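In this text, all values refer to a predicted model and were calculated from it rather than measured experimentally. Note: hydrogens, waters and symmetry copies are ignored here, and every other heavy atom, side chains too, is used.
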Amino acid sequence: MSSPDAARQLTARAIILSLILTVLLAAANAYLGLFAGLTVATAIPAAVVSMGVLRMLGRSSILENNIVATGASAGSSIAAGTIFTIPALVIMGHWTHFEYWWVLAIAGLGGLLGVLFSVPLRRTLILDQKLQFPEGVATAEVLKISVDPGPGVKSLAYAAGAAALFKLALSGLKFSPESFITARFFGERTIGFFGISLSPALLGVGYIVGLNIGVLMLSGGALSWWIFIPWYNTFMSGHDPVLAADLVGLSAGDAAYLIWSRQIRFIGVGAMLIGGLWSLWSLRKSLLSGIKTGLKVRGIAGADIPETERDLPMSMIMTGIVLFVIPIFALYYVVVDSFGIALTMAVIMVITGFVFSSVSGYMAGLVGSSNNPVSGITISTILFASLILLGIMGKGSTVGPVAAIMIGAVICNAAAVAGDNLQDLKAGQLIGATPWRQQVMLGIGALASAAVMAPVLNLLLEAYGIGTPAREGVNALAAPQAMLMASVASGIFGNGLPWNMVATGAVVGAITITLDEYLRRKGSNWRSPVLAVAVGIYLPLELSTPIFVGGLIAELATRWHKRRNPKGDPEILKQNGLLFSAGLIAGEAIVGVLIAIPIVASGNADVLAVAESMRPGQWAGIAALAAFGWWMHRVATRGARA
């Protein structure tokens, strides 16, 4: 029989609240991922908001709050799986905008497959192998200890409101430029460059990912902007007459950006590519373990199974996989107009989807979802699919790169959802939740997130542009992972890449991997994951610098807590800063999406701008960002539940 608490898990109000948070957080993460190449986990902020809202409605339970957090976590998963891959179809010119039903089908079916693939993994990874699943444990602890969620909700809300107003002031009212950038020539050709984005959201991202990742991203940016760009302009630009002609008469800053966009960012492509392949190789044992786990299908039917051990029935899982693969096959057939090639694509998708969902779940248990190399997995998938399709379709095929992206997009969504699903199930296991209810809620959340992806992406595309500015006066969203996927798929089919830059990136990646292995064998707390360095190389420098600053604030706050509470739980001590950072990210990202509406409606990037005489100027923006940093440190160094 079900307990009363079990019956109050999948309630109507929990589902409605979860869907509202899912849609908001999916839109926010879509903006953040295209802007900075990173998404953040949303289960803990959703849990805190849920505890505050349901507490006001009365008779809330820890299990009901957990359902809200479970559904909302799909927002970050689907956003990551979508923005890492699907914008590549626009970048390659296959689409001029994001087709609603295509995006819904690719992201929604991929997410549902991720839920189904992860069900047989729960028992072995969570119960038998007892992997840690750090975000799941942290979510469970937040649910357990936050008897009074009010202060946490207030911290998140204040941060979101302040970041929203700041984003409106900079991007809408144009009070200040959104980035501080300075550049100059040293001698005739050598370029010096520095920049920092005035983005509280990126401070929040830095706090969440920590100083280690912040240092690595800044190091990648330093390599790109302080070494490779000056080196290329000084010694190599003469070997590229087209680029050399375009550089004539440009300012130092414009010249640096042109060299970066035409050549240097492809060093990041090479580093990410070698990082993806290394991730696959280094995970080979985890991969085999994940496959074996997935094949250990145990019967779960029967009245003697406790409520806390009931998964979705395996018959339903197998039926669902078959039913979901059929429409994916139909989509592939529409793209390639060949039954045999579409069938090959579907087979590749199912096999690699299950394999990489297993790997994603295993790695989420080992190192957490935030460090789960989903983008590396996707790069490897697209490379593998491209090589197979190259043999079938031939070099120069215009459909081949599109087909490879279509395969990678489904798998990326499946792998992202599978890893996060297992984190949610770990939290549920620790608080006595029913697995099948969580699995149903994650499926609902995945579909809801997929349903809003196309409108959000179209809005961002038309307002800002992806890769290239949509109009004068706006900064394009960098979309680093999608640009990478497009470059790899197109390059394999002979559409041209600066392979010398890609090879240089592969060397940088190999050196970074060697350093990481050395640190691992020494047992160092600091590591050098190659994908963090690669993203730093690929992104504009001004995006990496505030992430580093946020990581530095997190480190200072952690040391402050260790001095005053050396026996405290680090995850609990980080809670204040984490919620504040989540608020900064959500507030800025949601307003970034909302500002796009009047820009698109009017066709004018300055539709909300005030007169120039009313603009305080850049130093006001810099001072405000510094104030956000001070505020973040102050909140992060309060008591664990303040």
Side-chain angles (χ1 to χ4, degrees), residues 81 84-86 88-89 91-92 94 102 105-106 109-110 113-114 117 269-270 272-284 287-288 290-291 294 321-322 324-360 373-416 481-497 499 502 506:
F84 286 175
T85 53
I86 291 179
L89 298 172
I91 292 166
M92 294 190 302
H94 179 68
W102 279 86
I106 293 169
L109 292 172
L113 284 173
F117 286 152
V269 171
M272 278 193 263
L273 184 57
I274 201 73
L277 295 174
W278 172 252
S279 295
L280 189 61
W281 171 254
S282 62
L283 296 178
R284 63 194 185 279
L287 173 61
L288 292 174
I291 294 171
I321 290 173
V322 172
F324 295 153
V325 168
I326 292 173
I328 293 173
F329 164 77
L331 293 176
Y332 290 164
Y333 179 78
V334 171
V335 172
V336 299
D337 195 26
S338 167
F339 183 90
I341 296 175
L343 182 61
T344 302
M345 292 171 65
V347 170
I348 294 172
M349 185 278 299
V350 171
I351 295 174
T352 55
F354 174 73
V355 167
F356 288 137
S357 292
S358 300
V359 173
S360 178
V374 172
S375 58
I377 286 171
T378 309
I379 294 167
S380 302
T381 301
I382 289 176
L383 181 62
F384 173 68
S386 296
L387 291 173
I388 291 179
L389 293 172
L390 179 66
I392 299 173
M393 307 174 77
K395 197 165 186 176
S397 169
T398 57
V399 178
V402 174
I405 295 296
M406 290 283 190
I407 295 172
V410 175
I411 291 170
C412 191
N413 277 282
Q481 287 86 354
M483 293 287 286
L484 169 64
M485 306 305 172
S487 298
V488 170
S490 299
I492 293 296
F493 283 88
N495 293 339
L497 279 176
W499 288 107
V502 175

Study note, to complete from the structure: Correct closest heavy-atom pair for A486 and I91 would be CB-CG2, 4.0 Å
Point to revise | Shortest non-hydrogen contact between F324 and L113, atoms and distance | key: CB-CD2, 4.0 Å
Name every donor-acceptor pair, under 3.5 Å, that has one atom in a side chain of residues 348-356 and the other anywhere in the protein, sequence neighbours excluded.
residue: T352; atom: OG1; partner: I348; partner atom: O; Å: 2.4

Check your understanding: Can you check side chain to side chain contact (heavy atoms under 4.5 Å, CB included) on T398 and F493, steps first, answer last?
Key -> CA-CA 8 Å; T398 57; F493 283 88; over 6 Å; no
Point to revise | CE-OG distance between M485 and S490, expressed to the nearest 0.5 angstrom | key: 13.0 Å
Review point. Roughly how far, to the nearest 0.5 Å, is the CD1 atom of I106 from the CG atom of L331?
Key: 6.5 Å
Exercise for review: Compare every heavy atom of C412 with every heavy atom of G81, then report the nearest pair and how far apart it is.
Suggested key: CA-SG, 3.6 Å
Review point. Do the non-hydrogen side-chain atoms of F117 and I321 ever get within less than 4.5 Å of each other?
Key: yes
Could you pull out every donor-acceptor pair under 3.5 Å between side chains of residues 402-411 and any protein atom, sequence neighbours left out?
none

I'd like a table of donor-acceptor pairs (distance under 3.5 Å, sequence neighbours excluded) in which one partner is a side-chain atom from residues 384-393, with atom names and distances.
residue: S386; atom: OG; partner: I382; partner atom: O; Å: 2.6

